[in-house]
Each structure stands twice: as C-alpha cells, then as structure tokens.
Amino acid sequence: MSLAWVVMQKDLRLAWRNRTAWLSAGAFATISVLIYSFAFDLATRDVRPLLPGVLWTTFLFAGVFAAGQSFQHEADEGTFDAVLLSPASPTAIFFGKAASNLIALLVIECSQLVLATILFNTALISAELLAIVFVGTVGYVSLTTLLSIMGSRVRSRAVLLPVLSMPLLIPLLIGAVRATGASLGIEAGTAPWMLLLAVFALWSTLISALLFPVAVER
Amino acid sequence: MTALALRLLNLRWTVLPPATGIAMMAMIVGALVAAPREIIEGEVQRLMYIHVPSAIATYGAFFITFVASIMVLWKRDMRWDALARGSAQVGVLFTALVLLSGAIWGRPIWGVYWTWDARLTTTLILFLIYSAYLLARAISDSTDEQAARYAAVIGIVGFLDVPLIQMSVRWWRTLHPQPIIFTTKPALPGEMLIVLLIGFVAVFLLAAWLISLSTETERLHQRLAGVRAGVDRHEGA
Amino acid sequence: MDNIEYLFAGFAVVWACIFIYLLLLQGRLRSLQNEIERLEERLEEADRASARQLGFKRVRQDGTPPGDTR
C-alpha cells in the first residue's frame with residue numbers, strides 16, 4: 001500500500017512534468033463540450049435532457065485520450081521497464097498509475113462541470129453529482145489505464161484504444177448518464193444507477209488489478 | 001487420458017466435416033419441411049432453428065476465447081493464442097449471423113429490422129468488443145507475444161463484461177419476448193423441440209469445425225513466421 | 001401470415017455467410033501450407049548445399065526441426 005503511495009506520488013510528479021499531455025486532454029474536453037453546444041444548439045433549448053450524455057461522452061473520450069497520452073511518454077522513453085524492475089510490486093505500480101490518472105482526470109472533469117454550469121445555466125456542482133462523477137471515473141480509469149499500458153507497444157494504438165475500450169465501457173456509460181440525469185431531476189431515482197456504477201467500478205478495479213501483474217510479468 | 005484426448009482431437013479433420021454436413025442437411029429438412037408451421041408468426045418462425053442455436057454457439061465460442069486467453073497469460077504458449085483468435089473469429093461470425101437472421105425475422109413480426117431491446121443490444125455490443133479484439137490482434141504479427149497478451153486481456157475482460165452489459169442494457173430498455181423454451185407456457189410443441197435440438201447439434205458441430213479450421217490457420221501463420229525467420233537466418237548467415 | 005420470402009432471405013444470408021467464410025478459410029489454409037512447403041524446401045536445399053560445401057550436415061543450433069515455432 002505504501003509502495004502504491006510512492007508510485008502514485010512519482011506518477012503525479014511525472015504527470016505534472018508532462019502536463020502538456022494533460023492540458024491537451026483538458027483542451028480536448030473543453031472543445032468537445034463547445035462542439036456539442038453548437039451541434040445540438042444547446043444555447044437556446046432546454047438543455048437538461050441532453051446534458052448528461054454530453055458530459056459523459058466528453059469525459060469518456062477525454063479519459064481514453066488522456067490515458068493513452070499519459071503513458072506514451074514513459075513507453076517512448078522506456079522508463080516503464082525500469083519501473084517494472086524496481087522492488088515495487090506490479091499491483092502497487094498499477095494502483096499508483098491508476099490513482100494519478102484518476103486525480104488528473106477528476107481535475108479535468110470538475111473544470112468541465114464548472115464550464116458547463118456557466119455555459120448552460122444549470123447548477124452542476126452538487127455533492128450528489130460529484131459523487132457520481134467520482135464513482136464513474138473510478139470505473140473507467142482502471143480499465144483505460146490497463147489497456148493503455150498493455151497497448152503501448154502495439155501499432156496504431158491511438159485509434160485502437162477507444163475502439164477497444166468504448167464497447168467495454170457501455171454499462172458504465174449507461175449507468176453514469178442515467179444517474180446524472182436523475183440527479184438533475186430529469187428522471188426519478190439515482191439509486192439503481194448508482195448501484196450499477198458502483199458495481200462496475202468495483203468490477204473494473206478488481207479485474208484490472210488482478211490482470212495487470214499477470215499481463216506485464218516477463 | 002491425454003493420449004485419448006489427443007486421439008479424439010485428431011479425429012476432427014475426418015469426423016467433423018461429414019458430421020457437420022449431415023447434421024446441417026437434417027436441420028434444413030427439419031426446419032423447412034418437418035417442423036409444423038407456427039400459427040401466429042407463420043413461415044418466418046422457421047428461422048428459429050438456426051437463430052437460437054447460433055446465439056448459444058456465440059457464447060460458447062467467446063467462452064473458448066476466454067479460457068484460451070487465460071491460458072495465454074498463464075502458460076505463455078502461442079498455441080493458446082491461435083485458439084483464442086480462431087474461436088473469436090467464429091464467435092464474431094455467429095454474432096453477425098444472429099444479428100442478420102434476427103433482423104430478417106424481426107421485420108415481418110415486429111415491423112422493424114432493429115430495435116434497441118436488451119438482447120439485441122447485448123449481442124451488438126459483443127460483436128463490437130470481439131471485432132475490436134480481432135482488429136487489435138490482426139494489426140500485429142501473429143508471433144508477437146506482447147500483442148497476444150494484450151489481446152488476451154481483452155478476451156478476458158470482454159467475457160467478464162457480459163453479465164454487466166446484460167444487466168445495464170436490461171435496465172436501460174426491454175422489449176424482446178422472453179425466449180419460448182425457457183418459459184413454462186406456452187411450451188414449444190414436441191416436433192419443434194426435436195428440430196431445434198437437431199439445429200443445436202448441427203450448429204455446434206459447424207462451430208467446432210470452423211474453430212478447428214480457423215485455429216489451424218492461425219497456427220500456420222505462426223509456423224510460417226518461424227520458417228521465414230529460419231530462412232532469413234540462413235541466408236543472412 | 002404469409003412471410004415465406006423473409007424465411008428464404010434469412011436462410012440464404014446465413015448460408016452465404018457460412019460458405020464464404022469456409023471458402024476463405026480453405027483458401028487461406030492452402031496458400032499458407034504452400035508457402036510453408038516452399039520455404040522449407042528452400043531451407044533444405046540451402047542446408048544440403050552448405051553441407052556439400054563444408055562436408056558435414058548442418059545442424060541448427062537449437063536442435064529443433066525447421067519450421068517448429070513452439
């Protein structure tokens with residue numbers, strides 16, 4: 001556990017040094033929200049029914065994009081092999097990596113929530129919504145982290161990563177969009193969707209943490 | 001025990017093709033001639049005898065991919081990778097067949113080719129996941145162990161994702177009638193059940209044969225890469 | 001209800017897909033086998049040539065038969 005902490009601190013430092021990658025992910029998310037506003041003409045309509053979908057497609061695409069970017073640097077430099085040779089267990093490495101990705105993504109997502117609050121005149125900063133965003137992000141970050149690390153040596157990974165991860169993340173997308181909609185008052189009851197999100201988050205974290213050591217071991 | 005298993009495995013080239021052919025013929029005759037005409041849905045209901053077994057065969061093929069993927073990570077043996085790829089290919093083929101025959105069946109009965117109901121959507125998502133799996137595996141060399149492990153991770157995660165997909169999609173939308181054989185009433189009449197069983201046998205034999213063929217193709221790809229490397233070494237030396 | 005054309009369409013599509021896949025697989029199998037045979041022959045010929053040249057039979061270092069990739 002403490003090793004995971006150390007790895008996470010190292011990864012966060014790395015993320016900070018490599019902040020252009022994360023900034024580009026944030027810029028990508030911003031552009032995506034703006035593009036949706038033009039495409040669906042969100043300026044004039046009652047936007048609330050569309051907002052959950054807009055937010056979560058943005059989060060997912062930005063998250064997948066960022067996961068690929070965040071690891072690219074280490075893959076290119078070959079520093080990841082060195083990390084694997086260090087005394088830290090692969091599980092600790094994985095959790096450190098996933099946690100640092102999670103923190104960076106949460107920052108991006110909160111900024112998007114603020115942006116959307118301003119743009120669409122809808123209060124999006126509530127404790128419930130933040131909880132949904134947190135659980136949902138935990139749900140996808142471990143899978144995208146696993147797939148981006150595994151795929152870092154495979155050709156044309158930039159296209160491959162979204163094509164591979166999106167179908168796997170459909171249950172999460174459904175749960176997150178419905179929960180967000182419920183918390184915005186579009187439909188009744190967040191509880192079942194929160195349950196789905198929580199189950200998915202638990203499932204993806206567990207399976208990624210179990211598969212990662214086996215998959216990278218040499 | 002293993003010797004017996006190997007012997008049985010070697011029978012697949014001599015036994016499977018004729019057995020598959022006979023069973024498929026029996027299935028066609030049964031479906032088109034022997035089975036009674038369904039009163040409400042009419043002739044098109046005869047598609048059931050290939051649609052339902054194909055749907056089950058899909059899950060069987062993906063289960064084989066799942067097990068073979070575990071073995072790839074565990075044993076580090078590329079032969080398992082060939083099996084995983086081969087059966088994923090056949091699984092994707094059968095998902096496509098299920099979607100196509102389902103769409104053609106749905107048109108006269110539901111009035112639409114496609115609806116976003118739980119079963120259909122789950123099948124579509126499975127099709128997407130395993131197409132992506134095949135894509136990921138196809139763009140790297142057949143002997144690339146990194147790529148094989150990457151694909152294995154997807155093979156495992158994808159299969160374990162199935163219950164979650166089913167749950168989420170069922171909550172999301174539901175229209176599809178419950179499959180008739182699993183409900184107590186109205187039970188499927190005897191003749192229909194027999195033809196359906198023949199359909200199961202035929203489709204499973206077909207799937208086994210196709211998986212053997214596609215796995216063999218992948219094995220030959222790997223062997224070819226080995227031989228090529230040998231020639232290169234030789235001529236380079 | 002008369003919808004027999006859908007029945008035939010369904011069966012035709014399914015059979016067509018299965019047969020196309022079978023033919024593709026058979027074709028690929030055959031071409032792969034031919035390619036492997038061709039290369040192995042070339043390898044053997046080269047082996048024989050070098051054996052004549054050096055006066056002994058060339059043995060591959062790892063001792064595996066040619067083409068074994070396990």
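Scope of the values below: all heavy atoms of this structure, side chains included, with no hydrogens, waters or symmetry mates. All values derive from a computational prediction rather than experimental measurement.
To the nearest 0.5 Å, atom CZ of residue B:Arg228 and atom CG of residue C:Leu39 are 6.0 Å apart. Atom CG of C:Leu7 and atom CG of B:Leu32 lie 6.0 Å apart (nearest 0.5 Å). In this structure, C:Gln26 CD and B:Thr217 OG1 are separated by 8.5 Å, a value rounded to the nearest 0.5 Å. Atom CD1 of C:Ile36 and atom NE2 of B:His221 lie 9.5 Å apart (nearest 0.5 Å). In this structure, CG in B:Leu224 is found 9.5 Å from CD in C:Glu40, a value given to the nearest 0.5 Å. With rounding to the nearest 0.5 Å, the separation of CZ in B:Arg223 from CD in C:Glu35 is 12.0 Å.
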Report the C-alpha distance between B:Glu43 and C:Tyr6 in whole Å, list the side-chain angles of each, state the deciding distance to 0.1 Å, and finish with yes or no for side chain to side chain donor-acceptor pair (under 3.5 Å). CA-CA 8 Å; B:Glu43 303 289 355; C:Tyr6 285 100; over 6 Å; no
Apply side chain to side chain contact (heavy atoms under 4.5 Å, CB included) to the pair C:Ile4 and B:Val44, showing each step before the final yes or no. CA-CA 6 Å; C:Ile4 200 159; B:Val44 75; over 6 Å; no
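Side-chain N or O atoms of C:Asn3 include none that pairs as donor or acceptor with a backbone N or O of B:Pro108 at under 3.5 Å.
Within 6.0 Å of CH2 in B:Trp13 there are more than 12 heavy atoms belonging to other residues, nucleotides or ligands. Heavy atoms of other residues, nucleotides or ligands lying less than 6.0 angstrom from CZ of C:Arg38 number more than 12.
With chain C as the partner, the residue from B:Glu216, B:Met24, B:Met78 showing the most heavy-atom pairs under 4.5 Å is B:Met24. Annotation: maximal heavy-atom pairing with chain B below 4.5 Å, among C:Val13, C:Leu24, C:Leu25, occurs at C:Leu25.
In plain terms, the two heavy atoms of C:Trp15 and B:Ile28 that are nearest each other are CZ2-CD1, 3.2 Å. For the pair C:Leu22 and B:Leu213, the tightest heavy-atom approach, listed with the atom from each and the gap, is CD2-CD1, 3.6 Å.
Only the side chain of B:Trp209 comes within less than 4.5 Å of a heavy atom of chain C; its backbone N, CA, C and O stay farther away. Both the backbone and the side chain of C:Phe11 come within less than 4.5 Å of a heavy atom in chain B. Looking at B:Ala103, neither its backbone nor its side chain comes within 4.5 Å of chain C, counting heavy atoms on both sides. With a 4.5 Å cut-off on non-hydrogen atoms, B:Leu220 touches chain C through its backbone and its side chain both.
Proximity to chain C at a heavy-atom threshold of 4.5 Å picks out B:Val90, B:Leu93, B:Leu97, B:Leu100, B:Ser101 from residues 90-101 of chain B, in numerical order.
Residues forming a salt bridge (Lys or Arg N to Asp or Glu O under 4.0 Å) with C:Glu37 (at least two apart in sequence, or on another chain): none. For B:Ser69, the side-chain hydrogen bond (donor to acceptor under 3.5 Å, both in side chains) criterion is met by no residue, not counting sequence neighbours.
Annotation: salt bridge (charged side-chain N to carboxylate O under 4.0 Å, His left out) contacts involving residues 81-97 of chain B, sequence neighbours excluded, comprise B:Asp81-B:Arg137, B:Arg85-B:Glu218.
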